[in-house]
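One structure is given here, and the rest of the page talks about it.
Counting starts at 1 for both ligands and their atoms, following the listed order. Each residue takes its place number in the sequence, starting with 1.
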Amino acid sequence: MAIMLVRAASPGLSDSHHGGLKKRAPARRWMLCSLKYGIEPGRSSAVYSSLAVSPAGEAVVSSEQKVYDVVLKQAALLKKQLRTQAPPVLDVGLQDMEIPRNGLKEAYDRCGEICEEYAKTFYLGTLLMTEERRRAIWAIYVWCRRTDELVDGPNANYITPTALDRWEKRLEDLFAGRPYDMLDAALSDTISRFPIDIQPFRDMIEGMRSDLRKARYKNFDELYMYCYYVAGTVGLMSVPVMGIAPESKATTESVYSAALALGIANQLTNILRDVGEDARRGRVYLPQDELAQAGLSDEDIFNGVVTNRWRNFMKKQIKRARMFFEEAERGVTELSQASRWPVWASLLLYRQILDEIEANDYNNFTKRAYVGKGKKLLALPVAYGKSLLLPCSLRNSQK
Ligand SMILES: CC(C)=CCC/C(C)=C/CC/C(C)=C/CC/C(C)=C/[C@@H]1[C@@H](COP(=O)(O)OP(=O)(O)O)[C@]1(C)CC/C=C(\C)CC/C=C(\C)CCC=C(C)C
Ligand SMILES: [Mn+2]
């Protein structure tokens with residue numbers, strides 16, 4: 001397997017600028033995706049290296065490498081903005097807009113209500129944050145929710161790629177300080193306060209585009225890219241708001257990688273929880289090559305019978321999702337103190353969905369894995385305890 005350091009195109013992702021040569025995605029991730037997962041080299045099209053040679057002899061850039069380029073770019077932008085303390089890339093300050101200050105308060109309050117209505121757990125988590133950060137996360141949440149609703153909501157049948165192009169134009173406008181409505185105005189204000197870049201937002205729209213044209217994923221490499229688009233992006237959007245602890249010795253890149261891992265872990269969990277629901281909409285988000293290796297097909301999923309083959313397949317998928325959660329854990333401790341609690345809470349709660357799938361004997365065809373109120377409540381003090389721990393980077397450097 002050849003590994004080359006060359007500049008290569010990343011279709012669907014904006015170009016990254018870090019000096020011509022590509023840095024390789026950390027080798028640890030390859031461990032995550034395949035070796036620990038038990039896939040032998042040569043048997044799977046999952047990620048092996050930054051640049052591999054396909055059976056046809058062409059150089060192939062893995063999804064992991066493409067996404068890692070975005071991580072590097074986001075980390076570099078954050079470091080640059082924090083160094084110069086310059087306000088982010090707004091062409092027009094919100095002070096020039098016609099939205100009165102109390103209008104902005106109303107807009108943020110509405111974002112909070114929407115977050116509470118759609119995502120009680122996230123909402124509870126945000127209540128533990130500082131006011132400015134909480135409002136910013138609400139604004140980001142609402143933009144993400146609205147973007148997802150375009151392809152998943154009641155009008156989804158009428159959504160075309162052109163509608164998504166219009167949504168992207170609107171995104172560019174709000175980043176330039178020209179919001180279209182009150183909810184956009186809240187996000188416009190947020191990006192004037194935090195060093196947030198537009199790329200993860202653009203990439204999420206790209207994920208929704210792919211949902212319009214694609215209902216199957218050949219292998220984990222393709223699925224990884226999808227998970228980055230629709231969920232890893234949320235991690236990248238959130239880091240500049242959550243903030244890195246001033247005492248942390250971790251690199252900005254490693255914190256972004258952990259945030260990305262949390263988004264991927266959450267989305268893999270979503271996919272495993274919703275197998276039956278997605279199948280009823282004609283969608284199978286599981287890697288086709290891994291299904292085939294397990295002796296399973298789409299037909300088995302549509303039939304929805306829990307067999308030993310299915311249980312074994314699910315065990316491996318759950319194991320992989322847990323590895324991404326594990327990778328995310330290393331980054332949570334590096335976040336600013338006030339942000340750790342909500343992120344720990346959401347990590348613990350989301351991860352428990354995997355335990356519930358196991359408790360349902362892997363019947364994710366007709367039973368929705370659900371974390372009960374008691375367990376949810378219990379997660380809060382556990383998360384609080386974890387949030388008091390010193391950053392991992394400090395603990396290791398003190399040894
Ligand atoms: C260093 C470190 C660990 C930092 C933490 C970074 C961080 C806060 C990461 C958050 C990761 C996260 C919550 C990702 C969301 C993943 C997700 C659930 C994506 C869903 C996509 C589409 O899936 P699908 O259609 O299959 O699912 P539904 O059936 O529709 O649910 C999304 C729906 C995309 C849209 C995402 C959101 C609406 C959630 C956005 C959430 C936030 C901005 C809040 C993050 C705040 C906290 C406190 C975790
Ligand atoms: Mn959705």
Side-chain angles (χ1 to χ4, degrees), residues 71 74-75 111 114-115 117-129 133-153 156 187 190 196 200-201 203-205 207-208 210-211 226-245 248 250-275 277-278 281 283 285 324-336 338-351 353 368 383 386-387 391-393:
V71 164
Q74 293 299 305
C111 289
I114 296 173
C115 185
E117 192 179 325
Y118 284 88
K120 262 252 154 33
T121 312
F122 283 150
Y123 177 77
L124 286 178
T126 60
L127 295 184
L128 311 170
M129 303 170 86
R133 285 186 175 138
R134 170 190 323 149
R135 289 166 20 136
I137 291 293
W138 289 346
I140 296 176
Y141 175 86
V142 166
W143 186 86
C144 292
R145 175 52 58 210
R146 290 171 104 188
T147 306
D148 183 58
E149 283 284 295
L150 291 176
V151 291
D152 267 359
L187 185 55
T190 286
I196 295 173
F201 293 83
D203 287 344
M204 181 178 278
I205 298 176
M208 303 305 160
S210 95
D211 249 338
Y226 173 72
C227 291
Y228 159 68
Y229 280 139
V230 300
T233 48
V234 182
L236 305 190
M237 293 168 193
S238 306
V239 171
V241 175
M242 301 281 176
I244 300 176
S248 165
T251 60
T252 313
E253 292 81 9
S254 70
V255 179
Y256 268 101
S257 289
L260 164 74
L262 183 54
I264 304 264
N266 284 348
Q267 188 60 19
L268 290 174
T269 303
N270 249 3
I271 287 172
L272 299 179
R273 182 194 58 195
D274 296 342
V275 168
E277 199 180 308
D278 288 333
R281 297 189 306 156
R283 301 190 155 271
Y285 287 101
F324 280 96
F325 278 117
E326 227 170 83
E327 191 179 359
E329 281 197 29
R330 278 189 280 275
V332 191
T333 57
E334 311 298 335
L335 292 174
S336 65
S339 302
R340 280 180 223 156
W341 190 5
V343 176
W344 270 122
S346 87
L347 186 154
L348 296 176
L349 287 169
Y350 235 86
R351 184 162 53 189
I353 296 174
R368 188 175 165 96
K386 285 179 176 284
S387 73
C392 269
S393 58

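- Here the protein heavy atom with the shortest distance to atom 27 (O) of ligand 1 is Asn270 ND2, 3.3 Å.
- Residue Met242 has at least one heavy-atom neighbour below 4.0 Å for each of these atoms of ligand 1: 8 (C).
- If you look at the Mn ion (ligand 2), the protein N, O or S atoms less than 2.8 Å from it are Asp148 OD1, Asp148 OD2, Asp152 OD2.
- Among protein heavy atoms, the minimum distance from atom 16 (C) of ligand 1 is reached at Ala231 CB, 3.5 Å.
- Heavy-atom proximity to Val230, at under 4.0 Å, picks out these atoms of ligand 1: 19 (C), 21 (C), 34 (C).
- Atom CE of Met208 sits about 4.5 Å away from atom CG of Asp148, to the nearest 0.5 Å.
- For atom 22 (C) of ligand 1, the nearest protein heavy atom (residue, atom name, distance) is Asp148 OD1, 3.7 Å.
- Using a 4.0 Å cut-off to heavy atoms of Asn266, the atoms of ligand 1 that qualify are 11 (C), 12 (C), 13 (C), 14 (C), 16 (C).
- Classification of Glu117 and Arg145 as a salt-bridged pair fails, no side-chain N sitting under 4.0 Å from a carboxylate O.
- Of all the heavy atoms in Arg351 and Glu326, the pair that sits closest is NH1-N, 4.4 Å.
- Ring planes of Phe201 and Trp143: perpendicular class, angle over 60° (limits at 30 and 60°).
- Taking a cutoff of 4.0 Å between a charged side-chain nitrogen and a carboxylate oxygen, Arg283 and Asp211 qualify as a salt bridge.
- Closest of all the heavy-atom pairs between Pro200 and Met237 is O-CE, 3.7 Å.
- Distance from atom 9 (C) of ligand 1 to its nearest protein heavy atom, with residue and atom name: Gly235 CA, 3.6 Å.
- Scanning the protein heavy atoms around atom 2 (C) of ligand 1, the nearest turns out to be Ala259 CA, 3.7 Å.
- Protein heavy atom at the shortest distance from atom 38 (C) of ligand 1 is Tyr141 CE1, 3.5 Å.
- Atoms of ligand 1 lying under 4.0 Å from any heavy atom of Val343, numbered from 1 in the order shown and given with element: 5 (C).
- At a 4.0 Å heavy-atom cut-off, ligand 1 touches Asp152 through the side chain alone.
- When the options Cys144, Ala136, Cys115, Ser238 are ranked by their closest heavy atom to atom 37 (C) of ligand 1, first place goes to Cys144.
- Remark: ligand 1 and Thr126 share no N or O pair separated by less than 3.5 Å (distance only, no angle test).
- When atom types are taken as modelled, the side chain of Ser254 and the backbone of Gly331 share no donor-acceptor pair closer than 3.5 angstrom.
- For the pair Gly125 and ligand 1, no heavy-atom separation below 4.0 Å is found.
- Nearest residue to atom 3 (C) of ligand 1 from Ile140, Thr147, Val332, Asp278 is Val332 (criterion: closest heavy atom).
- Atom numbering of ligand 1 starts at 1 in the shown order; those under 4.0 Å from a heavy atom of Gln267 are 17 (C), 19 (C), 20 (C), 21 (C), 22 (C), 23 (O), 26 (O).
- Ring planes of Trp138 and Tyr123: parallel class, angle under 30° (limits at 30 and 60°).
- The one candidate from Val239, Leu260, Val255, Thr252 that meets the side chain to side chain contact (heavy atoms under 4.5 Å, CB included) condition with Val71 is Leu260.
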*asked:* What verdict does the side chain to side chain contact (heavy atoms under 4.5 Å, CB included) test give for Leu128 and Ser387, after you've listed the backbone C-alpha separation in whole Å, the side-chain angles of each residue and the deciding distance to 0.1 Å?
replied: CA-CA 11 Å; Leu128 311 170; Ser387 73; over 6 Å; no

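- A salt bridge between Arg281 and Asp152 is present, with a side-chain N of the basic residue lying under 4.0 Å from a carboxylate O of the acidic one.
- Rounding to the nearest 0.5 Å gives a distance of 12.0 Å between CG of Asn266 and CZ of Phe324.
- Rounded to the nearest 0.5 Å, atoms CZ (Arg273) and CZ (Arg368) are 4.0 Å apart.
- Separating the OG atom in Ser238 from the CD1 atom in Ile196 is a distance of 8.5 Å, to the nearest 0.5 Å.
- Using a 4.0 Å cut-off to heavy atoms of Ser346, the atoms of ligand 1 that qualify are 49 (C).
- Scanning the protein for heavy atoms near atom 48 (C) of ligand 1, the closest one is Pro342 CB, 4.0 Å.
- To the nearest 0.5 Å, atom OG1 of residue Thr126 and atom CD1 of residue Ile140 are 12.0 Å apart.
- With respect to atom 29 (O) of ligand 1, the closest heavy atom belonging to the protein is Asp274 OD2, 4.0 Å.
- Residue contact check: Ile137 has heavy atoms under 4.0 Å from atoms 44 (C), 46 (C) of ligand 1.
- Within ligand 1, counting atoms from 1 as listed, the ones closer than 4.0 Å to a heavy atom of Val255 are 1 (C).
- The shell of residues lying under 4.0 angstrom from ligand 1, judged by heavy atoms, includes Tyr350.
- Annotation: the span from Leu236 atom CG to Tyr228 atom OH amounts to 5.0 Å, rounded to 0.5 Å.
- Residue Leu335 touches ligand 1 through its side chain alone, judged by heavy-atom distances below 4.0 Å.
- In plain terms, the two heavy atoms of Gln267 and Tyr226 that are nearest each other are NE2-CE2, 4.0 Å.
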